[in-house]
Amino acid sequence: MLRLHDTATGTVRPFELRDPGRVSMYVCGPTVYEVPHLGHGRFTLVFDVLRRYLTFSGLEVLHVSNVTDIDDRIIERAAREGRTEREVAGEYEATWWAAMDALGVLRPTVVPHATGYIPGMVELIGDLVARGLAYEIDDGVYLQVDMVEGYGLLAHQPLESLRAGARVEASGQKRSPLDFALWKKAKPGEPTWPSPWGEGRPGWHTECVVMSLDLLGDGFDLHGGGQDLIFPHHENERAQAVVEGRAFARHWMHNGWVTAGGEKMSKSLQNFTTIDDLLARGDPRAYRLLVVRSHYRSPIEVTPETIATAGKGLARLDALARRLSLDDPMAGGDVVRDEAVAAAPGGVEQDAVTRFREHMDDDLDTAAAMALVFELVNAAHAAADDGDTTAARRLGGTVAILCGALGLRLRGEVGEVDERTQRLVGERDEARRERDFARADALRDELVAAGWTVEDGPDGTVVRR
RNA sequence: GGCGGCGUGGCCGAGUGGUUUAGGCAGGGGCCUGCAAAGCCCCGUACAGCGGUUCGAUUCCGCUCGCCGCCUCCA
């Protein structure tokens, strides 16, 4: 039984599903106005790992994640670059999916776009206005938060203390600085949709509540995102559901920051690294390993050094796959299901799979799960050294399945070796046969200089990049 | 001002009221190897500080210090 930390209660508690066997989860997606950075990479990886683990556990997962394709920042960028909002959103959405694909993050089951749900949002807002819970002023329609039962549940602060700490002044007409925009009236030149309050566009918080309830239904299982979405975004989504009398998310899950130099990675601090930078520097799987090596609620420090360290751990996993010629459990698709455990060619280390599940069920303790995997790696090598091929393959196969369950695909192949390199390798084998070690060493230097890793095994020299 | 998180061996990073160790990376010794690489074996006795509870605390409680975050857009 999976237990997860729930932001609403502040406790780790059983993840109880609305419909047995089926998981409905909504994860707030990107506003497509800029290239994604490592913070986006982390939250998508965290929820990808959750989704994969749920799938591995035999559950059917309906994963909805939105794209916010109309927003102030998109409008600003379009204006600055003399383009349409559609062009800007289209470009950055394409960039987003390219990054996700490179990271091995599964596409959500459904990807609603804000611009596709505007009538439903208008309907919701209209209802709130009609019932006296929202009010219209010059620049838009606002929800009156002091009408909301339990406002501050997710922030873990009562309304009064939130109000006392508010850093923004109430705009003249707002009844409280905490009241938030459900509908924003258009300024000249902005893209608009019709509404009873004039041309305009919906507020961000209204998008997600409408789309999540529409696609997943009342009382869906899990709502997630980065911790910075807790307040006000998720609080305000919940507020709308509450006043509408609709059961909202049963469980709230939020991941920790990516930090750089100890500080939160963010646009405003200019300390962010884009996912493209990461991809240019190395294997994207190293980032997944870095993410799963710590707990999802802990901050992670991401620097070239920490990524490089993760890359070495990854190399250790790949080396095992290579040595044992492990089958790829994801070969038949992009996910590893629990059937893979029974179908593993060499069998699995059943006890290890059980322990893996115990770690994962404990609020997704991927760090402990990976420690277990590395223990198996060690045991597999030791068995192989002892000549116990059966045990080695069973252990190694388990490693591949458990890594696969976390979305980490091992690379057992050495990659393409060009003709010239192949010739040098042949020459080196020949020199070694003739015990001409000076020449063998010179050839190795040449190969290393060309970027190859050279390993002499019982069957001669093997090179890889 | 309010609320919350964190402080673990050289670095990263789990975990636990006591007994046998997380794990990775780096480092030292050994085995293997022509030499390497990879791999294996062995090696670190750490839990910010100060009190308290306890037979016993890194692990619970309180306080102090330090760092980070939320209360505005933010993954």
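Predicted, not measured: the structure shown is a model, and the values here were computed from it. Only this structure's heavy atoms are used, side chains among them; waters, hydrogens and symmetry mates stay out. Chain letters run A, B, ... following the sequence lines, proteins first, then strands; residues in each count from 1.
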field: Aromatic stack Phe374(A)/G23(B): centroid gap under 5.5 Å, interplanar angle under 30°
entry: no
Residue pair [X] / [Y], side-chain donor-acceptor N/O under 3.5 Å:
X: Asp277(A); Y: Thr274(A); answer: yes
X: Gln240(A); Y: Thr206(A); answer: yes
X: Thr68(A); Y: Glu207(A); answer: yes
X: Tyr296(A); Y: Asp363(A); answer: yes

Watson-Crick or G-U wobble partner of [N], both distances under 3.5 Å:
N: U58(B); answer: none
N: G66(B); answer: C6(B)
N: U45(B); answer: none
N: G1(B); answer: C71(B)
N: G39(B); answer: C31(B)

message: Could you check, using the six-membered ring where one of them is a Trp, whether His254(A) and His234(A) have ring centers closer than 6.0 angstrom?
response: yes
task: Verify whether the ring centers belonging to Trp252(A) and His5(A) lie closer than 6.0 Å.
output: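 Ring centres of His5(A) and Trp252(A) not closer than 6.0 Å.
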Nearest to the side chain of [X] - [options]?
X: Asp228(A); options: A75(B), G2(B), A14(B); answer: A75(B)
X: His295(A); options: C25(B), C71(B), A14(B); answer: A14(B)
X: Asp365(A); options: G24(B), A14(B), A22(B); answer: A14(B)

Using OP1 and OP2 only, check whether a side-chain N or O of [X] sits under 4.0 Å from [N].
X: Lys264(A); N: A75(B); result: no
X: Lys312(A); N: C12(B); result: no
X: Thr306(A); N: C11(B); result: no

Taking the [atom1] atom in each of [N] and [M], what is the distance between them to the nearest angstrom?
N: A57(B); M: G18(B); atom1: C1'; value: 9 Å
N: G27(B); M: G10(B); atom1: C1'; value: 8 Å
N: G13(B); M: C70(B); atom1: C1'; value: 25 Å
N: C11(B); M: A46(B); atom1: P; value: 14 Å
N: U8(B); M: A22(B); atom1: C1'; value: 12 Å
N: G69(B); M: G28(B); atom1: P; value: 37 Å

Rounded to the nearest Å, what distance is computed from the [atom1] atom of residue [X] to the [atom2] atom of nucleotide [N]?
X: Glu301(A); N: G7(B); atom1: CD; atom2: P; value: 15 Å
X: Leu402(A); N: G23(B); atom1: CG; atom2: C1'; value: 15 Å
X: Trp257(A); N: G5(B); atom1: CH2; atom2: P; value: 15 Å
X: Leu364(A); N: A14(B); atom1: CG; atom2: C1'; value: 14 Å
X: Phe356(A); N: A14(B); atom1: CZ; atom2: C1'; value: 15 Å
X: Leu178(A); N: C3(B); atom1: CG; atom2: C1'; value: 14 Å

- request: Classify the nucleic acid contact of Gly262(A) as base, sugar-phosphate or nothing, counting any heavy atom under 4.0 Å across all strands shown.
  value: sugar-phosphate
- prompt: With sugar-phosphate meaning primed atoms plus P, OP1 and OP2, does Gln227(A) contact a base, only sugar-phosphate, or nothing at under 4.0 Å between heavy atoms?
  reply: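 Nothing: the residue Gln227(A), judged by heavy atoms under 4.0 Å, touches no strand.
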- request: Would you verify whether the NZ or CZ of Arg238(A) falls within 45 degrees of the ring axis of Phe248(A) while also being under 6.0 Å from that six-membered ring's centre?
  value: no
message: Judged by each residue's nearest nucleotide on RNA chain B, which is more toward the 5′ side, Gly256(A) or Pro158(A)?
response: Pro158(A)
query: Is Arg52(A) close to Leu406(A) at the side-chain level, that is, under 4.5 Å between some pair of heavy atoms?
result: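 Contact flag for Leu406(A)/Arg52(A) side chains = no.
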query: Would a 4.5 Å heavy-atom cut-off, applied to side chains only, mark Leu222(A) and Phe47(A) as touching?
result: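 Yes; the side chains approach each other to less than 4.5 Å.
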statement: Reading nucleotides 35-42 of chain B from 5' to 3' and marking B where a protein heavy atom lies under 4.0 Å of the base, S where only the sugar-phosphate is that close, and - otherwise, the string is BBBSSSS-
